[in-house]
Every structure is written in structure tokens, then in C-alpha cells.
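Structure first, then comments.
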Amino acid sequence: MANRCIIYQQNGDPTQVLSAITFPKLPSPSPNTVNLKFLLAPLNPADVNTIEGDEPVFVGGNEGLGQVVEVGDGVEGLEKGDWVVMDKPQLGTWSTSRNVSFKDVIRLPSAGLTEAHGATMTVNPTTAYNMLSNFANLHQGDWVIQNGANSAVGQLVVQIAKERGLNTINFVRSRDDMEPLVKHLEGLGATKVLTYDDLEDRSLRGKIKEWTGGKDIRLALNCVGGEPTTAMAKLLGQDSHLVSYGAMSKKPLSLPTSLHIFKNLTSHGFWQTNWTKTHSRAEKEELIVKLAEMMKEKKIKAPEHTIETDEEATTKIRDVFAKVAQGKFGKKVLLKLEDVSA
Ligand SMILES: NC(=O)c1ccc[n+]([C@@H]2O[C@H](COP(=O)([O-])OP(=O)(O)OC[C@H]3O[C@@H](n4cnc5c(N)ncnc54)[C@H](OP(=O)(O)O)[C@@H]3O)[C@@H](O)[C@H]2O)c1
């Protein structure tokens, strides 16, 4: 049997530069490394930026779920069969198999988790959890406001907030048939679901005051940038925090100076990759265990997803990326690369 991986040898449009290649069985892992079989690996919006960018990474894939197949000498805390998630960016998870340092992965307590839970653990759930925890000191009954609420991160924000007893006001782009989306988000625990058009409604402020009982909203999470974010920031109360983690509209963020002067608004950016780089292994393990527990208890659902295999190799993977880029899937895409005959 031979292995398979998705590579790019130059940066550019993923639909042009990605190729699926076959490579021979890997040697046994050297000291302090483990051989992993990748069970599933997602395509995330940031992967497109990485491939388009100017830092070549030849085997693609940042996030994924690996299973330990073989353990090299000196490896601590991991054994054959364990599930692991990546603790280092761009390890090349769009691959059937890799040998990696045992220090670059974190053991995932797998009982009760699906492969989709594990494969999508380290980017979106960690981001949602950290944004809800690290900026405003929120208590049960407090309110959080967000845009891009139907994004994978947004849906996790809704679920984690619900688990913590926080209320959420969730903004999405309007669409012809809003009802299924509203029902879906409410089913996850959203307190209110509105559209960016509602932000232009002068009566919105009064409605929100009624819902919150006049309590200040002190945390806003921004996935999209542009005008809807400016309007959303104006709904924040005293000493509040706007945390930007995405720029899906590709429009710049503009904030009225008065919010800083009179409301003491603080505007932050959050990047999970930086959090991972700047936190200890113990802190990262603690977060993974917490999230795994919430998944096991069905407080966090795995994202709706489709699993794509690569039997048609390069054409298939480019086609998958083209659909992702055009938003045609509407679901998280998880890659499952299979061994192929050499
Ligand atoms: N900073 C971090 O650490 C971090 C971590 C994870 C993710 N992210 C970022 O967070 C964002 C969402 O990631 P995800 O995996 O959750 O994405 P996703 O599930 O693919 O969702 C994409 C979201 O973006 C919205 N969107 C797309 N194009 C838009 C546009 N032109 N104007 C307004 N909204 C638009 C979509 O709304 P529609 O349904 O209306 O199209 C949807 O809500 C990405 O930018 C990603 O890179 C950042």
C-alpha cells in the first residue's frame, strides 16, 4: 500500500496549484516521533489564505485528527491507537500518514467522540471558547452579540455561551428563506437571531433593551468586518470589548471614535494560532479536555459536514476547493485520504 497527500509547490489559487500525489509507505518512526494515520482533516477558510499566501508549505492541511499507528523510542504519553490533534500549525494533515514529533500533537480523550468532532477540534471550538473567556468577565445571564453567527465558529459561540448560561444576539446575512436558519441557530441555543438589515432598524436598540432588561452588552464577536460590524459595535455598552477574528466580507472595519471615548470600548483581534504559540502545553491540554467533555455531553455538536475522498485525485481536490470557494457546500468539508495501491 502507498500513501496519499495533497500538496502545492507554489502559492496561488487552490483550484490551480493543489495536486494529489502518492508516496511510498513511511519508515518506522525515529526516536521521539510517532507514525500517524489521519482519520479526517477539514478544509478551513484560513487554508485558502495559506495556499494563496507567500509561505510555501508543500503538504497542505493545518487541522485534523490522527491516530497513532506506531510509536518511536523515547515517546512519552502516547500509545498505539490513541487519537491526537495537532499542536503545531501546518503539519500537513491532508495526508494519509505522517511521522511527527510526539511534542507536536496532543492526545485527545476519544471515548464518546466522533471522528468529525476530533478533526474539527483545534481551530473553531478553541477559538469560540477563548473569545468567550479571555476578553470580558462574563457571568451567567450576561449577553454576547456576534455577526457571522451561522459560521462554524459562530455556531460554537452559540453552543458554548448556552452552556455557560450566557445569552446571545446573533446576526446573519439575510436570505430568501430565513426560517430554517433561525430554527437551526435557536436549536443550538441562540437567544435571538437577526439579520444585518435589522441593524438599520431604528427600533432595534429599544428591543434589545427590553430583552436584556437594560443590562449592558459587553462582548461582541466579529467574523465579517465592514458596515454590519460598525452598526453592531454601536449596540455595545460601557467598558465593552469588540473581538475580531475573521474578515469574511473583505471590507475594512471602521469604528466611531465616540465609542472609545464615551463607552471605553476596546477593540481586539484574536488569532487562535497565536494563542496556541503563547500558551503552555498544560493549558492547551486542559482546553482540549474541556471541549471534548462538552462534545461527549452533546453540549457541542460536530459541524454539519460532508466527507470527500480523493479517488479522482487532483481533479477532485481542485473541484472541491472551487466549490468551497464559491460557498457551494454550505457545510464543513472533511477530507479522508485513503491508501492506494502502489
Ligand atoms: N482568528 C482565528 O483564530 C480564527 C479561527 C477560526 C476561524 N477564523 C476565521 O473565521 C471566519 C469563519 O470561519 P468558519 O470556519 O467558521 O467559516 P464558515 O463556517 O465557512 O462560515 C463562513 C461565514 O462567513 C459568512 N460570509 C461569507 N462571505 C461573506 C461576505 N461576503 N459577507 C458577509 N459574510 C460572509 C458566511 O455567511 P453566509 O452563510 O451568509 O454566506 C458564514 O457565516 C473565517 O474568516 C476564518 O478564517 C479565525
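Just so it is clear, the structure is predicted and the values come from calculations on it, not from any experiment. Atoms within each ligand, like the ligands themselves, are counted from 1 in listed order.
The ligand atoms of ligand 1 that sit less than 4.0 angstrom from a heavy atom of G246 are 45 (O). Heavy-atom contacts of K332 reach the following atoms of ligand 1: 15 (O) (cutoff under 4.0 Å). Less than 4.0 angstrom separates some heavy atom of F270 from each of these atoms of ligand 1: 1 (N), 2 (C), 3 (O).
Considering backbone and side-chain N/O atoms, P45 never comes within less than 3.5 Å of an N/O atom of ligand 1. For a threshold of 3.5 Å applied to N or O pairs, the pair formed by A152 and ligand 1 contains at least one separation below that value. The distance criterion of under 3.5 Å between nitrogen or oxygen atoms is not met by N49 with respect to ligand 1. The shortest N/O to N/O separation between R175 and ligand 1 falls below 3.5 Å. The N/O atoms of T273, backbone and side chain alike, include none that comes under 3.5 Å of an N/O atom in ligand 1.
For V172, no heavy-atom contact with ligand 1 is shorter than 4.0 Å. When non-hydrogen atoms are compared, ligand 1 lies under 4.0 Å from the side chain of T127 (C-beta onward) but not from its backbone.
Nearest to atom 45 (O) of ligand 1 among the protein's heavy atoms is M248 SD, 3.1 Å. In terms of protein heavy-atom proximity, atom 36 (C) of ligand 1 is nearest to N150 OD1, 4.4 Å. Nearest non-hydrogen protein atom to atom 12 (C) of ligand 1 is C223 SG, 3.8 Å. For atom 34 (N) of ligand 1, the closest heavy atom belonging to the protein is V224 CG1, 3.4 Å. For atom 6 (C) of ligand 1, the closest non-hydrogen atom on the protein side is N124 OD1, 3.2 Å. The closest protein non-hydrogen atom to atom 9 (C) of ligand 1 is Y245 O, 3.6 Å. When only non-hydrogen protein atoms are considered, atom 29 (C) of ligand 1 lies nearest to R173 NH2, 3.3 Å. Nearest non-hydrogen protein atom to atom 3 (O) of ligand 1 is Q272 N, 2.6 Å.
For the side chain to side chain contact (heavy atoms under 4.5 Å, CB included) criterion with I21, the lone passing option out of V59, N3, I7 is I7.
A donor-acceptor pair under 3.5 Å is absent between the side-chain atoms of D87 and the main chain of V105, judged by distance alone. Side chain of Q67 to backbone of W83: no donor-acceptor contact under 3.5 angstrom is found. Judged purely by atom type and a 3.5 angstrom limit, H260 uses its side chain to pair as donor or acceptor with the backbone of L265. The closest donor-acceptor contact from the side chain of T278 to the backbone of W275 lies under 3.5 Å. The backbone N or O of V123 lies less than 3.5 Å from a partner atom in the side chain of E63, making a donor-acceptor pair. Checked by atom type and distance alone, the side chain of T191 pairs as donor or acceptor with a backbone atom of T168 at under 3.5 Å. With hydrogens and angles disregarded, no donor-acceptor distance shorter than 3.5 Å links the side chain of K37 to the backbone of G66. Of the possible donor and acceptor atoms, one in the side chain of S249 sits under 3.5 Å from a partner among the backbone N and O of V224.
A cation-pi contact links K192 to W211, judged by a cut-off of 6.0 Å to the six-membered ring centre and 45° from its axis.
The shell of residues lying under 4.0 angstrom from ligand 1, judged by heavy atoms, excludes Q155.
Between A190 and V158, the shortest heavy-atom distance links the atoms N-CG1, 3.3 Å.
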Yes or no on salt bridge (Lys or Arg N to Asp or Glu O under 4.0 Å) for K336 and E115, after CA distance, side-chain angles and deciding distance? CA-CA 11 Å; K336 189 170 193 74; E115 289 184 2; 3.4 Å; yes
